[in-house]
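Down below is the structure, laid out as structure tokens.
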Amino acid sequence: MDSEVGKKSVKKSSKRHAVVDKNFCAACGACTYVCPRGAIKVWRGSFSVVDENLCIGCGKCAKECPASAIKIEVRQ
Amino acid sequence: MKRHWYEYLWIWSIVYFGMGFFNILFAWLGLISFFLPLIFAIGFGNKNFCNRYCDRGQFFRMLGSQHGFSRGRDMPNWLKSKTFRYSFLIFFLGMFCSVIYNTYIVFAGVKNLNEIVTLFWTIDIPWNWAYTVHVESWIAQFAFGFYSLMLTSMILGILTMLLFKPRSWCVYCPMGTMTQMICKLKSNEKI
Ligand code: SF4
Ligand code: SF4
Ligand code: SF4
């Protein structure tokens with residue numbers, strides 16, 4: 001029973017996701033090279049944005065980001 | 001994952017600094033890394049130069065991220081703050097203007113050509129051995145001055161790559177900061 005509920009929520013979306021702090025993002029693009037889902041992109045040379053539907057909250061981008069502008073948070 | 005051709009552009013960093021050891025006049029080619037990002041930002045409103053085609057960004061990524069030459073620690077808050085980034089941009093532009101000024105006074109004949117490379121704006125290193133093909137003095141003066149800026153910033157970048165995240169330099173790189181400002185202004189975002 002429990003596992004079935006778990007499966008459903010995973011299918012819908014991951015528990016965690018990446019959140020970018022625009023104030024610190026330098027729009028360098030370092031994060032885009034490590035995302036296994038291609039979920040993070042630099043928007044108009046200003047800051048990076050995460051595609052909520054693709055992000056699995058793995059944290060690779062956060063680890064790579066030189067400005068430490070990405071936090072992995074529990075989805076609201 | 002498939003590698004793109006531009007992920008090998010770090011080779012240009014090595015070729016560029018290497019050439020400066022043999023003939024300082026090659027330093028002029030560094031202007032490419034000055035104008036290309038501005039063309040991307042002003043003309044197209046993006047940072048594709050930083051995101052893809054910058055040899056230096058790829059160099060730090062190759063050494064720091066792919067070969068482990070980085071402690072991977074967080075940068076100190078002051079170093080990644082907007083205050084520092086904007087101040088460093090202004091400082092760097094000032095230093096660039098001083099390179100232009102020195103070029104001009106040599107051109108005007110007020111001063112003679114100074115065959116040195118200055119690191120961190122204080123340490124003078126004799127570099128006359130890389131000036132063998134003689135051209136007009138001001139052309140050589142600009143090369144020495146510009147190479148000094150390029151080498152100083154490269155060393156700073158390598159130090160912060162080793163100490164913090166691989167591409168730490170990209171957070172306070174004057175070109176990166178300036179092009180991000182231009183892009184944000186174009187997109188009506190707060191700078
Ligand atoms: S947390 Fe993982 S999946 Fe999400 S954007 Fe970052 S690297 Fe991509
Ligand atoms: S790595 Fe960090 S600073 Fe660079 S674009 Fe991504 S979120 Fe922004
Ligand atoms: S921030 Fe500077 S060093 Fe980094 S990719 Fe952009 S231009 Fe190159």
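Values reported hereafter were calculated over all heavy atoms of this structure, with side chains retained and with hydrogens, waters and symmetry mates removed. A, B, ... follow the sequence lines: proteins, then strands. Residue 1 opens every chain.
For B:E189, the part lying near chain A is the side chain, with the backbone staying farther off; criterion is any non-hydrogen pair under 4.5 Å. Contact of B:K82 with chain A is made through the side chain alone, with heavy-atom distances under 4.5 Å. Residue B:R85 touches chain A through its side chain alone, counting heavy-atom pairs closer than 4.5 Å. Both the backbone and the side chain of B:R167 come within less than 4.5 Å of a heavy atom in chain A.
For B:F22, the CZ atom counts as loosely surrounded, since its 6.0 Å shell holds 12 or fewer non-hydrogen atoms of other residues, nucleotides or ligands. For B:F26, the CZ atom sits in a loose shell: 12 or fewer heavy atoms of surrounding residues, nucleotides or ligands are nearer than 6.0 Å. Within a 6.0 Å radius of CZ in B:F107, no more than 12 heavy atoms belonging to other residues, nucleotides or ligands are found. Surrounding NZ of A:K63 are at most 12 heavy atoms belonging to other residues, nucleotides or ligands under 6.0 Å away.
Side-chain contact check for B:Q58 versus A:Y33: some heavy-atom pair is nearer than 4.5 Å.
Hydrophobic clustering (ILVMFWY, side-chain heavy atoms < 4.5 Å, transitive): B:Y101 and B:I90 are in distinct clusters. Both B:V15 and B:L63 are assigned to one and the same hydrophobic cluster, defined by single-linkage of ILVMFWY side chains at heavy-atom distances under 4.5 Å. Both B:M175 and B:Y86 belong to a common hydrophobic cluster when Ile, Leu, Val, Met, Phe, Trp and Tyr are linked at side-chain heavy-atom distances under 4.5 angstrom. Both B:F49 and B:Y172 are part of a single hydrophobic cluster, where members link through side-chain heavy atoms under 4.5 Å apart. A continuous path of ILVMFWY side-chain contacts below 4.5 Å connects B:M95 to B:I24, so both sit in one hydrophobic cluster.
Top candidate by heavy-atom pairs under 4.5 Å with chain A, chosen from B:R52, B:R61, B:E7, is B:R61. Between chain A and the residues B:N51, B:L79, B:T179, the largest count of heavy-atom pairs under 4.5 Å involves B:N51. Of all the listed residues (B:S65, B:C170, B:S168), the one sharing the greatest number of non-hydrogen pairs under 4.5 Å with chain A is B:S65. With respect to chain A, the highest number of heavy-atom pairs below 4.5 Å among B:G45, B:C183, B:G176, B:C54 belongs to B:C183.
The two atoms that bring B:K165 and A:E64 nearest to each other are CD-O, 4.3 Å, heavy atoms only.
Applying a 4.5 Å heavy-atom cutoff, the residues of residues 41-50 of chain A that approach chain B are A:V42, A:W43, A:R44, A:G45, A:S46, A:F47. Residues of residues 20-29 of chain A that come closer than 4.5 Å to chain B, counting heavy atoms only, are A:K22, A:N23, A:F24, A:C25, A:A26, A:A27, A:C28, A:G29, ordered by residue number. Residues of residues 125-161 of chain B never come closer than 4.5 Å to chain A when only heavy atoms are counted. Taking 4.5 Å as the heavy-atom cut-off, the residues of residues 66-76 of chain A that approach chain B are A:P66, A:A67, A:S68, ordered by number.
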